[in-house]
Amino acid sequence: MRTPVTAPEHVAGEAAGAQRPPRRLPFWVDQRLGLLVLTVALAALFGVLRPAFLDQRLVLFPLLREISTLTVVALAQLAVLSVGHMNLAVGRMAAFGALFAGLGYDRLHLPLQLGLLVCLFAGAVIGGLTGWIIARTGVSSFVVTLAMDFALMGLVSLLYSALTENAAFTTRPSGLLDLRSASLADICVGRVCGSPAVPQMAQFTVLALVGLGFLYTRTRMGRELLLTGANPKAAELSGIPTGRRVILAHSLSGLLAALAGFMAAVSTGTFRASIGDDFMLPSFLGAVLGGTLLTGGVVCVVGALLGTSLVAVIRKGLDLLGVGLESLNIYLGCVLLLALSADRVRAVVSYRKVVRST
Amino acid sequence: KNSGADTGTRAPATGKSGTGSAELADGSGVKVALVPGGAHPYFQPWKAAGAAAKKEYGLGGVTFDETAEWDQQKQDNLLSTLAARGYNAFGVFGVSPTDINTTFEDLRSQGFAVASLASCPAGPTDKADFCLSTDVEVAAYKAARAAIDAMGGKGTLVHLTGNNVDANTQLRIKGVAKAVKETGGKVRLLQTITDVDKDLQTAQKAVSDLLAAKGDRIQGIVTTAYNPAVAAADAVRSSGSAAKVVAIDDDAKILGAIKDGSVAATVVQNPVGQAEVGTWALALLQTKQCAMRHPGQTVDSGSFVVTKANAGTYDAARKARTEQLKKEFADTLLVCE
Amino acid sequence: MNDVLLEGREIVKVFPGVRALDGVGLRLTAGSVHALLGENGAGKSTLIKVLTGVHAPDGGRLTWRGEEVRLRSPLEATRTGIGVVHQERNLIPDFSVAENITLQSPPARRGFVDRGAMSAPALRCLAELDLDLDPLRPVRELSVAQQQLVEIAKALYTESRVLLLDEPTASLSPREADRLFGVVRRLTARGTCVVFVSHKLEEVFALCDTVTVLRDGRSVLESSPLAGHTHDDIVNLMVGRAHTATEMPPRAPDRTAAPVLALDGVSTADGHQDVSLEVRPGEIVGLYGLVGAGRSELVKAVLGLDRITAGEVRMHGTPVRIASPRQALHDFGIGYLTENRKEEGVFLEQPIHRNITVTVWKKLAKALGYVPAAEERQAAQDLVDRLGIRISGLEQNAGELSGGNQQKVSMAKWLAADTRLLIVDEPTVGVDVRTKHAFHRLLWELAGEGLPILLISSDLTEMITLADRVLVMADHRIRGEVDNDGDYERMSGRIIRIIHDRALPAVTTEREAE
Amino acid sequence: MITINEYGARTSAALRRFSRSTTTTLLCVTLGGYLALGIASSGEFFQGPSVRTFLQYLATPVLIGLAQMVALCVGQLNLAVGALGGCTACLMGVLMADGGVPAPIAVAAGVLTAMLVGLVTGVFIVATRINGFIVTLGVMTILLGAQYRLAGTRTVDGYSPALKELGRAAPLNVPLVFLTALAVAGLLAVFLYRATAGRRLLAAGGNPLAARLSGISTDRQIVLAHTLSGLLVGVAAVTATASLPGVNRSVGGDWLLPSFAAPIIGGVGLSGGSVAVFGTVLAAFVMRLIDAARAQFSLDPSWVNFLIGLVVLGTVVGGRVHQTHLEKRGKAHGRTPPAPAGRGPTADATLPNAGGGQ
Ligand SMILES: Nc1ncnc2c1ncn2[C@@H]1O[C@H](COP(=O)(O)OP(=O)(O)OP(=O)(O)O)[C@@H](O)[C@H]1O
Ligand SMILES: Nc1ncnc2c1ncn2[C@@H]1O[C@H](COP(=O)(O)OP(=O)(O)OP(=O)(O)O)[C@@H](O)[C@H]1O
Ligand SMILES: [Mg+2]
Ligand SMILES: [Mg+2]
């Protein structure tokens with residue numbers, strides 16, 4: 001600091017000295033905690049109703065595998081939501097990435113890891129291209145990604161039709177099937193093995209979570225992404241290269257979408273055109289439930305995991321209870337809305353408590 | 001009240017007519033899950049057929065669960081959930097024909113009996129115990145033949161079908177192409193319109209646009225997906241076009257259209273037979289009473305062209321086919337102790 | 001006449017972590033102008049929001065003409081007869097001026113708005129402020145000051161018995177402010193009570209009859225006649241101890257040094273013609289003009305936000321083309337404090353520490369772009385202390401701060417950035433007296449260390465306190481230059497003359513052309 | 001006070017503003033596309049039956065676009081558009097076919113139900129303060145379940161022939177359903193641009209805080225917007241029921257994306273406060289043109305999707321280039337205000353050097 005300013009001492013003193021209650025709301029007001037509690041409570045409820053819910057291999061393993069994939073999908077959306085944009089082409093970017101992986105395995109006989117890299121690269125490139133168009137033209141991301149969705153939808157199915165017989169690459173590199181069914185039980189340290197409930201595919205999700213978490217909470221890039229989302233004008237005037245941040249966010253989104261596409265392909269077995277068809281709504285649901293704002297500037301990386309888990313747990317529970325299709329969706333919607341309302345009540349009550357204690 | 005349920009009034013319990021050794025000894029330990037890819041009128045007869053089979057053979061349980069919602073990952077999840085709920089024999093319509101073998105392998109490796117019903121895995125191998133389904137390509141071929149016949153052997157044909165990037169759709173396209181080719185140029189395939197099975201409105205829009213643009217040039221429409229079939233029947237009637245429509249399946253709506261003449265023919269499959277024979281064979285396999293002679297074998301459950309002439313009688317032919325199927329299983333396909 | 005219209009007793013308002021109002025009393029009598037004073041964050045705006053039904057009080061009583069009232073919504077307050085101009089501008093950007101003015105009760109016939117009948121009252125309210133605006137223009141096209149005036153016109157539209165004005169003059173130049181005072185006097189003559197919040201004490205003493213002073217959410221002086229207090233009394237009450245503006249050490253910039261920034265015959269796409277100016281190291285150059293003179297626009301063009309169509313911009317003697325504020329900051333070290341803090345200055349939904357350190361992350365970043373949280377917080381805390389920003393924690397969202405404190409946050413970012421040229425646009429809008437002094441001193445000392453500063457301000461006193469020389473701008477051109485001799489009367493005379501000599505006809509034609 | 005001169009200036013300013021707006025672009029695209037199609041089909045496309053088919057399928061996209069627009073204008077999203085429409089259609093179909101309810105009553109019941117669902121959604125959002133995105137998603141799930149319950153997998157078609165007649169009727173080859181949609185659009189335009197209630201809706205969307213401070217209850221506006229959105233979806237469902245061969249669970253399945261695409265392409269922002277009734281209608285036209293072209297040229301859907309995507313992306317980029325070009329030219333005359341500061345086009349009269357005092 002260059003200039004010693006006659007600091008308005010008493011204000012400074014007061015801010016430091018007078019023991020004001022900490023501004024941060026206590027942890028139990030946190031929305032994330034609410035989600036966690038809800039998820040656990042529902043899981044416990046289902047566990048009691050149907051002890052089979054806790055069957056590690058038949059229930060928890062597939063459940064966690066689905067959560068793993070969908071969390072990455074939600075993270076792909078979260079990346080663009082952070083700059084206040086949307087990516088309606090998540091699903092198609094996933095299919096696009098998976099196409100390249102499949103092609104690599106089928107034609108070039110790439111090893112598993114290399115194919116994954118190709119897939120991620122393709123996703124990042126297509127995402128980056130989308131971001132570039134948005135940044136250069138200033139047209140709403142909604143319109144651009146929607147157009148991109150159409151373009152990719154056409155392109156992917158054209159390519160699959162041209163390159164394959166059944167609209168799918170069925171060649172499987174060695175290791176793919178293991179990855180699909182391997183759980184932590186296959187990893188042993190000495191005599192202690194992991195839980196058979198946790199799929200090894202979750203490693204990608206954990207990596208994505210940690211990576212994004214680090215990005216958004218610890219690094220300059222992440223902060224700049226958030227500020228770009230919070231107020232693009234002010235960000236530009238504060239010297240943030242908003243255009244480049246938009247591109248970054250979109251290529252990150254493309255990369256994560258491609259990762260999700262890869263994971264979906266691995267968990268079902270082949271690389272096909274219909275991968276990602278159903279990604280759009282879960283991507284928003286997971287991110288928004290987890291506390292990420294649609295308007296940009298606020299993201300919650302763990303929230304994406306929690307939000308996705310909540311929905312997946314409800315669904316799984318209903319499946320286990322044998323609820324047929326004629327009621328499944330009705331219950332799913334009701335349970336979700338009721339659970340969230342209950343959480344709101346909790347949040348309001350605890351907020352009031354904080355206010356009263358001031 | 002579901003469409004097609006009326007066709008589900010099954011033959012009496014002549015099911016035990018298999019050779020002695022293929023008689024199910026004790027089915028109480030068998031719980032069969034019939035899992036379609038999602039909600040679709042085609043699968044509705046499975047429900048009744050499954051329930052009847054349960055009663056007839058004294059199975060531990062039969063369930064019909066369509067919550068897979070046309071998503072392979074959801075279906076995989078559903079299957080393992082069903083396994084956790086104690087089901088040990090599965091009749092599955094795989095959402096994605098290219099992926100379903102992996103799922104079958106999973107189930108098989110856990111000691112469950114698995115049948116691929118109503119659709120076979122794509123490619124030469126089948127990891128299920130057996131596949132009992134309509135031969136999709138043959139059915140499409142038959143439909144196209146029916147359309148060509150209705151058109152009088154010449155003219156222009158349009159093919160309406162579902163999701164382009166689905167292995168079964170590709171088979172259907174092949175089947176139709178084959179029939180057209182056989183006419184030696186007398187019939188021309190004007191266009192194959194894919195991806196119009198998502199919803200009724202899309203299908204209707206596509207058909208109307210087609211008729212508006214090229215209506216006078218089209219003599220026949222063959223549909224191999226449900227919504228386009230409904231839409232085409234209606235559009236042809238209301239636009240006064242002379243095109244002959246060949247539909248698929250036999251829900252009440254389509255049968256009505258056959259009767260009033262707006263649909264020339266429909267190709268019906270044999271869902272009842274699939275569920276009934278499939279359940280029975282699954283029970284035999286699951287109790288280890290029998291084994292497949294050639295695991296992974298494909299059995300055609302039959303497809304039938306229905307026109308106004310045989311609208312009242314085709315069901316009998318179908319039932320006969322079901323009986324025959326059962327016999328085939330008992331005599332040649334299964335080896336029993 | 002001495003009938004009390006609105007009275008509040010022991011009013012309490014609590015936000016999580018802050019007791020914004022902690023037992024405040026206030027008595028408003030008809031026909032008076034009541035000053036509400038206090039430092040930034042003292043609770044003035046909060047009090048006004050409680051009085052107008054925006055916030056429900058957590059304690060205390062309100063009486064309207066002796067009867068207890070509960071104001072549950074802004075609408076109820078309006079119905080009761082309380083009008084208000086809030087500190088932050090609150091207009092519907094896509095609506096026209098007329099529609100914004102009449103928003104509270106649009107003229108309507110059978111449920112349909114009557115656009116024809118809308119213009120007349122709107123024009124009447126605008127005319128009271130001597131403001132000639134096309135009532136059909138969407139407000140998003142107006143400048144900050146014009147929007148502020150529309151906001152005031154909006155309050156005039158609902159003829160109320162009590163009118164609360166929260167820093168209405170903050171972004172107005174003296175001319176507009178004078179017109180506003182005329183309106184206030186007319187209103188009080190009609191028996192209205194006007195509450196006036198301002199940090200410009202000269203205005204307060206010129207206009208007000210009674211005064212309430214808040215400090216830390218408590219009223220330290222309640223509805224007492226202003227005549228009995230001196231300027232210093234009031235300041236001391238606000239600050240809570242004896243406060244005197246310290247003299248600033250003399251500073252003699254080198255008039256011969258090579259200019260850091262020079263504009264030479266610059267014309268812009270926005271309409272500036274042939275603008276030339278130079279800023280030398282250690283010099284504070286003032287850029288004065290009436291609202292709409294195009295000062296902010298000029299600076300934005302230099303920063304690459306608008307196109308320069310002719311002329312040359314030189315940094316340290318070399319001609320440059322600046323493409324973006326980012327380039328300006330990172331390549332040339334130019335910091336720009338915007339006049340529009342709400343939209344361009346602060347990130348309302350972001351924590352304070354991010355708001356402040358946004359310009360220094362690049363410097364703080366380690367490998368992989370890792371920004372150590374501790375260092376970041378330290379940097380932010382330093383500035384918070386230095387500028388005396390009143391916050392309850394660095395995690396607080398900037399949007400929850402009082403207006404003046406937001407302005408400080410907006411400023412702090414540029415102090416953190418260690419710039420080599422500072423452009424400040426209306427730096428002390430809404431900042432309280434003491435902090436304003438601190439700001440001035442800070443700028444002064446920065447200049448003393450050799451930092452060139454371009455100061456844009458509509459506050460003539462500020463201009464005369466700080467600037468070495470004042471460039472006068474009107475109608476998108478530089479009309480003249482005045483060397484600052486520190487004498488307010490003389491300086492203001494000369495500046496006004498320059499503006500009026502040439503610009504007045506142009507300014508009015510601009511308005512009439514609509 | 002307003003001289004002719006001023007009046008002229010004002011009109012020309014308004015005209016200029018209009019000529020640069022999205023609506024004009026869309027108008028040009030619509031007319032150009034229509035002409036091109038007509039020429040390509042050697043005039044067939046202008047003939048009665050073709051026009052009729054073209055317009056017949058415009059009703060639904062226009063109505064659902066408007067329904068979404070109403071939600072967007074208060075800054076909300078309505079994800080339940082498709083599910084609500086499908087469910088209402090099935091409800092009406094089932095009431096008439098199975099319940100034997102006369103058509104007018106069934107239609108009224110359907111529209112009222114849709115409106116009621118909108119109302120409940122709005123009240124729920126306001127009462128719980130849960131993100132509208134999540135709530136409408138939940139409602140969507142519930143309605144999907146309800147639709148399945150109602151219709152199962154069959155196609156309900158045994159209902160009022162009179163209603164179907166109306167749905168097909170096309171005096172002078174202009175289908176009634178299309179006229180209905182246009183009438184609704186007209187009414188909505190009057191409501192939003194002229195009615196006090198409509199203005200309040202827009203005010204609340206444009207700046208919720210400002211609206212609140214001006215005595216407008218934003219909560220009430222949110223409820224109103226959802227109710228209105230429900231009503232419009234109800235009308236869309238009626239037109240669908242009337243013109244479809246029957247209703248089944250697939251009805252409404254493809255409404256969600258088009259409902260967003262129409263208003264957003266038409267120039268409505270996602271952040272609220274803006275509406276473009278005419279733009280939305282035109283955008284629906286443009287999208288319908290694509291369908292028609294697809295049938296006309298016997299295009300493979302994959303190619304169509306691919307080309308649509310590319311064309312839109314190309315237009316976006318090209319349009320931007322064109323605009324930059326325009327701006328440069330405009331600015332040389334010192335006319336157009338800067339774009340980057342996020343300002344709309346300004347009447348040039350505000351600039352000081354715009355000539356001529358009086
Ligand atoms: N919505 C809110 N949430 C939390 N704290 C708030 C909120 N609004 C105001 N505060 C706090 O209340 C206190 C008083 O703020 P207020 O805006 O009334 O100050 P002020 O006197 O108007 O200051 P200024 O002169 O800067 O406008 C401040 O500490 C501020 O941070
Ligand atoms: N948001 C806007 N949209 C359109 N025109 C604008 C906008 N803001 C300002 N202008 C125009 O630009 C010109 C100069 O703007 P501005 O009022 O900011 O200049 P200034 O000299 O910086 O005045 P101030 O005293 O307010 O800082 C004015 O004629 C004004 O009408
Ligand atoms: Mg204030
Ligand atoms: Mg300015």
Side-chain angles (χ1 to χ4, degrees), chain B residues 1-5 36 38-44 47 66-67 69 158 163-165 190-216 226-227 229-241 251-254 256-257 262, chain D residues 37 40-41 44-45 47-54 56-58 60-61 82 85-86 89 94 98 144 148 151-158 164-165 167-168 236 239-240 243-255 258 288 291-302 304-305:
Chain B
K1 263 241 172 142
N2 280 314
S3 59
H40 195 280
Y42 176 82
F43 301 115
Q44 296 315 307
K47 220 186 282 180
E66 50 193 348
T67 53
E69 299 192 12
V158 174
N163 189 0
N164 185 26
V165 284
L190 180 67
Q191 196 183 353
T192 300
I193 303 181
T194 56
D195 300 309
V196 287
D197 192 27
K198 267 179 227 122
D199 64 310
L200 191 51
Q201 220 163 1
T202 310
Q204 195 199 16
K205 196 164 66 177
V207 178
S208 304
D209 281 342
L210 178 76
L211 289 178
K214 316 224 165 91
D216 43 356
Y226 178 71
N227 279 318
V230 174
D234 185 72
V236 165
R237 187 179 41 198
S238 65
S239 74
S241 159
D251 90 331
K253 171 89 193 158
I254 304 259
S262 57
Chain D
L37 261 183
S41 66
E44 204 177 308
F45 195 60
Q47 276 159 19
S50 294
V51 173
R52 174 179 174 161
T53 318
F54 184 81
Q56 178 85 33
Y57 297 99
L58 254 174
T60 310
V94 168
D98 300 357
L144 281 180
Y148 187 75
T153 53
R154 72 205 158 120
T155 301
V156 182
D157 67 340
K164 284 191 177 174
E165 245 354 276
R168 303 240 161 90
T239 60
S243 52
L244 279 172
V247 289
N248 61 23
R249 72 185 286 270
S250 74
V251 174
D254 213 17
W255 286 10
R288 179 78 185 101
D291 286 331
R294 165 176 160 171
Q296 185 61 46
F297 301 116
S298 310
L299 295 171
D300 174 358
S302 302
V304 174
N305 288 337

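- Considering only heavy-atom pairs separated by less than 4.5 Å from chain D, the leading option among B/Asp195, B/Val230, B/Leu210 is B/Val230.
- Contact check for B/Gln204 versus D/Leu244: side-chain heavy atoms found under the 4.5 Å cut-off.
- Heavy-atom pairs under 4.5 Å with chain B were tallied for D/Arg288, D/Arg52, D/Gln47; the largest tally goes to D/Arg288.
- At distances below 3.5 Å, at least one donor-acceptor pair connects side-chain atoms of D/Ser250 with backbone N or O atoms of B/Leu200.
- The residue among B/Lys198, B/Lys214, B/Arg237 with the most heavy atom pairs within less than 4.5 Å of chain D is B/Lys214.
- Comparing B/Asn227, B/Ile193, B/Val158, B/Thr192 by how many heavy-atom pairs each has under 4.5 Å with chain D, the most go to B/Asn227.
- Looking at B/Ser239, there are no atoms closer than 4.5 Å to chain D (heavy atoms on both sides), in backbone or side chain.
- A salt bridge links D/Arg168 to B/Asp234: at least one charged side-chain nitrogen sits closer than 4.0 Å to a carboxylate oxygen.
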Original post:
D/Thr60 and D/Thr239: side chain to side chain contact (heavy atoms under 4.5 Å, CB included), yes or no, with the steps?
Top reply: CA-CA 7 Å; D/Thr60 310; D/Thr239 60; 4.0 Å; yes
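- A donor-acceptor pair is defined here as one N or O able to donate and one able to accept, closer than 3.5 Å; no such pair exists between the side chain of D/Lys164 and the backbone of D/Gly246.
- Both the backbone and the side chain of B/Gln201 come within contact range of chain D, each with at least one heavy atom under 4.5 Å from a heavy atom of that chain.
- For D/Gln56, the side chain to side chain contact (heavy atoms under 4.5 Å, CB included) test picks out D/Pro175, D/Val177, D/Ser243, with sequence neighbours left out.
- Taking the side chain to side chain contact (heavy atoms under 4.5 Å, CB included) definition, one finds that B/Ala233 meets it with B/Ala257, B/Ser262, B/Val263, sequence neighbours left out.
- Contacts between B/Thr202 and chain D at a heavy-atom distance below 4.5 Å involve the side chain alone, from C-beta outward.
- D/Ser41 does not touch chain B: none of its heavy atoms, backbone or side chain, sits under 4.5 Å away.
- Between chain B and the options D/Phe54, D/Tyr148, D/Phe45, heavy-atom pairs under 4.5 Å are most frequent for D/Tyr148.
- Of the two parts of D/Ala240, the backbone and the side chain both hold a non-hydrogen atom closer than 4.5 Å to a non-hydrogen atom of chain B.
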